[in-house]
Structure formats: structure tokens, C-alpha cells
Amino acid sequence: AFVFLSAYGLTCKFLDRPVPYGSFLVSRYQKIYPVFAAAIALWLLKIALFSGPSAAGDMFFSRDLLFAFAGVSNIVPGQALRPVGPWWFVGFIFQFYAVFPPLFYFARRTGGKGLLAFCAAGIVLTVAVHDKLLTAFNINLYFTFIAHLPELCLGIYLAMRPKTIARGPALMLVLAAAVVFVLGTVFKGMWYFNHISALVLLIALDLLLCRFKTPRTERILLVYGAISLPLFLVNAYLRHPLIDMAQRSANSPIIFLYAALFLLLSTAVAAAIHIAFVFLRRWTLLR
């Protein structure tokens with residue numbers, strides 16, 4: 001869903017104007033990397049508190065952190081899930097930012113047929129080399145934009161032509177996606193289509209749930225949307241030791257309590273980082 005929304009949002013932003021490649025990439029770095037650095041600092045502080053300053057120092061100078069911060073851990077053999085699992089996505093999103101301007105330009109010139117060709121190329125390439133790369137080099141194509149070209153192309157297409165799918169064909173598309181998704185959980189050959197079929201089902205679910213939206217739920221979603229970047233970056237290392245305690249417990253209410261504490265802790269830390277950067281930006285503008 002995030003891959004799709006990234007492509008959709010950027011396409012909407014640049015729909016009526018060209019994408020300035022250099023300034024576009026710089027703006028992405030300026031938006032993400034300061035928050036990433038803050039999340040890393042808190043992570044190192046946690047290591048220092050629980051494992052000692054020397055452990056934090058070793059991690060600070062480790063190649064695992066270097067690859068993650070450089071945004072290349074997802075394409076270095078065996079490094080994708082180091083030092084913090086979900087951080088592979090930082091490299092993924094910047095590699096997507098690097099290819100978005102030419103991909104968007106190609107989409108404007110060729111329309112839906114060009115995007116369909118890219119979508120098919122992504123699937124064919126993934127089917128052809130994914131297993132070989134994983135076996136020979138421990139590189140997972142699903143940590144790169146190549147395997148997610150269908151989601152990216154769909155985001156661009158729907159942003160460029162939001163009213164091209166009528167209600168009847170859309171329903172058939174959702175039903176077909178449901179069939180493909182179910183088959184993909186059983187047959188490996190169909191599994192390569194599971195990401196795009198799952199996305200179609202998520203979009204349909206979102207459109208359905210919008211009917212039940214209330215002002216309160218909208219405010220909650222907006223809050224979590226505002227803190228989503230720091231929340232994504234900090235939640236992976238804040239889950240310990242709460243997740244370990246939950247796994248050792250056989251009491252369901254206690255497990256849900258640990259889950260609630262984890263949600264509150266992650267939300268509080270992410271909100272604190274977000275608020276700090278809001279004040280920092282305001283202070284910078286006032287100077």
C-alpha cells in the first residue's frame with residue numbers, strides 16, 4: 001500500500017509540471033534523512049542503556065549501520081535486514097525516487113500501454129531471476145523496486161486517469177484479484193502476482209471502509225499519518241523486550257497488554273520526534 005501511495009501521491013503532485021530531477025531527490029533526502037538520523041540516535045541510546053556504551057559504539061561504527069544509512073543495504077548480499085529489519089525500506093524508497101522521474105516521463109509519453117509493459121517486465125524479471133539471486137547472492141528482489149513495479153505503475157496510472165475504470169469492470173477486477181491472491185497462497189507460480197492482487201483488494205477495502213468514516217477516526221488517521229515516518233523507523237527496535245515478554249506469556253490478556261504498551265510507546269516516541277522537528281523547522285524559519 002505504501003509503495004502504491006508513494007507513486008500515486010508523487011504523480012498527483014507533478015501531474016501538470018515536469019519533475020526537476022536534482023531538486024526532487026534533494027527534497028526527498030531533506031525530508032527523510034534528518035528523521036532517520038534521529039531514529040538511529042535513539043536506537044544507539046537504547047543499546048547504550050541496555051547493553052553498554054561499548055556495544056553502542058561498536059554498532060555506530062559497524063558496516064551494517066553504514067549500509068543502512070547509505071540506503072544500499074537492500075542490494076548488498078545478506079545485508080537487507082541488518083541492523084534493523086524494516087530499515088531496508090529506506091534504500092528501497094530512495095531507489096524508487098531515483099527511477100520515478102524517468103518512469104513518470106515514460107508514462108506521460110506512452111500512457112497505459114507503456115505502464116503495462118513496465119508492469120509485465122517487472123513480473124517477468126522477478127520470476128526469471130528472483131530465486132537465482134536469492135540462492136547465489138542472498139539478494140531478495142522484493143527488497144527492490146523491480147519486484148514492485150506493478151504497484152508503482154498502478155499508482156501512476158490511477159493518478160493520471162482516476163476515472164477510467166467503471167464500476168462494473170472494477171468489481172470484476174476485484175473478484176479476479178481475490179482469486180489470484182488465493183491461488184498465490186497455494187501455488188508458487190501464482191505467488192508472484194500476490195503483491196499486486198493484495199493491493200487491489202486493499203484499495204477495494206479502503207473504498208468500502210470510507211463509508212463508515214467518522215470525524216474521530218479521521219483525526220486518528222491524520223495523527224498517525226503525520227507521525228508515520230518516525231513511527232516506521234522506531235517501532236522495530238522498540239518492540240524489544242515487550243515482544244519477548246509477550247512470547248513467553250501464555251496469558252492472552254497479558255499478551256494484549258504488552259501489545260497495547262508497545263503501541264503506546266511507539267506512538268509516544270514517534271510523536272516526540274515529529275514534534276521536535278516541527279519546532280525545529282519553525283525555529284529555523286523564525287531566525
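Throughout, residue positions are numbered sequentially from 1 according to the sequence presented. Keep in mind that what you see is a predicted model, and the values were worked out from it rather than measured.
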State plainly whether one hydrophobic cluster holds both [X] and [Y], where clusters connect Ile, Leu, Val, Met, Phe, Trp and Tyr through side-chain heavy atoms under 4.5 angstrom apart.
{"X": "Phe118", "Y": "Leu116", "result": "no"}
{"X": "Ile220", "Y": "Ile275", "result": "no"}
{"X": "Phe181", "Y": "Leu205", "result": "no"}
{"X": "Val99", "Y": "Leu149", "result": "yes"}
{"X": "Tyr105", "Y": "Leu103", "result": "no"}

inquiry  = Take a 6.0 Å sphere around CZ of Arg109 and say whether it holds more than 12 heavy atoms from other residues, nucleotides or ligands.
reply    = no
message = If you count every heavy atom of other residues, nucleotides or ligands that lies below 6.0 Å from Phe14 atom CZ, does the total exceed 12?
response = yes
Taking the six-membered ring for Trp, are [X] and [Y] parallel (under 30°), tilted (30 to 60°) or perpendicular (over 60°)?
{"X": "Phe92", "Y": "Phe96", "answer": "parallel"}
{"X": "Phe143", "Y": "Trp88", "answer": "tilted"}
{"X": "Tyr192", "Y": "Tyr142", "answer": "parallel"}
{"X": "Trp191", "Y": "His195", "answer": "perpendicular"}

I need the minimum non-hydrogen distance between [X] and [Y], along with the two atoms involved.
{"X": "Met59", "Y": "Trp43", "result": "CG-CH2, 3.0 Å"}
{"X": "Ala56", "Y": "Leu44", "result": "CB-O, 3.5 Å"}
{"X": "Val234", "Y": "Ala39", "result": "CG1-CB, 4.0 Å"}
{"X": "Pro253", "Y": "Asn251", "result": "CD-OD1, 2.5 Å"}
{"X": "Arg82", "Y": "Ala68", "result": "O-CB, 4.2 Å"}
{"X": "Ile273", "Y": "Val35", "result": "CG2-CG1, 4.1 Å"}

Nearest 0.5 Å please: distance from the [atom1] atom of [X] over to the [atom2] atom of [Y].
{"X": "Arg282", "Y": "Phe277", "atom1": "CZ", "atom2": "CZ", "result": "15.0 Å"}
{"X": "Leu5", "Y": "Leu199", "atom1": "CG", "atom2": "CG", "result": "8.0 Å"}
{"X": "Leu261", "Y": "Leu238", "atom1": "CG", "atom2": "CG", "result": "12.5 Å"}
{"X": "Leu10", "Y": "Leu15", "atom1": "CG", "atom2": "CG", "result": "12.0 Å"}
{"X": "Asp58", "Y": "Asp64", "atom1": "CG", "atom2": "CG", "result": "11.5 Å"}
{"X": "Ile40", "Y": "Leu45", "atom1": "CD1", "atom2": "CG", "result": "13.5 Å"}

Taking side chain as C-beta onward, heavy atoms only, is [X] less than 4.5 Å from [Y]?
{"X": "Leu201", "Y": "Val174", "value": "yes"}
{"X": "Phe60", "Y": "Ile47", "value": "no"}
{"X": "Leu280", "Y": "Trp283", "value": "yes"}
{"X": "Leu183", "Y": "Val180", "value": "no"}
{"X": "Asn194", "Y": "Ser197", "value": "yes"}
{"X": "Val3", "Y": "Phe145", "value": "no"}
{"X": "Leu158", "Y": "Phe4", "value": "yes"}

Does the [X] side chain pair with the main chain of [Y], one donor and one acceptor, at a distance under 3.5 Å?
{"X": "Ser249", "Y": "Met245", "answer": "no"}
{"X": "Thr110", "Y": "Lys113", "answer": "no"}
{"X": "Ser266", "Y": "Phe262", "answer": "yes"}
{"X": "Glu151", "Y": "Phe2", "answer": "no"}

Intermediate values then yes/no, side-chain contact (heavy atoms from CB on, under 4.5 Å), Val76 and Arg63 = CA-CA 11 Å; Val76 176; Arg63 70 171 190 169; over 6 Å; no
message = Tyr21: which residues meet the ring-ring contact (aromatic ring centres under 6.0 Å, His included) condition with it, sequence neighbours left out?
response =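 Tyr21: no ring-ring contact (aromatic ring centres under 6.0 Å, His included) contacts found.
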Acceptor/donor pairs from residues 221-232 side chains to any protein atom, 3.5 angstrom cut, sequence neighbours excluded:
unit_1	atom_1	unit_2	atom_2	d
Tyr224	OH	Thr267	OG1	2.8
Ser228	OG	Gly225	O	2.9

message = Using the ring centroid of each side chain, check whether Tyr97 and Phe94 are separated by less than 6.0 Å.
response = yes
query = What's the verdict on side-chain contact (heavy atoms from CB on, under 4.5 Å) for Val90 and Tyr33, showing C-alpha distance, side-chain angles and the deciding distance?
reply = CA-CA 9 Å; Val90 175; Tyr33 262 84; 4.0 Å; yes
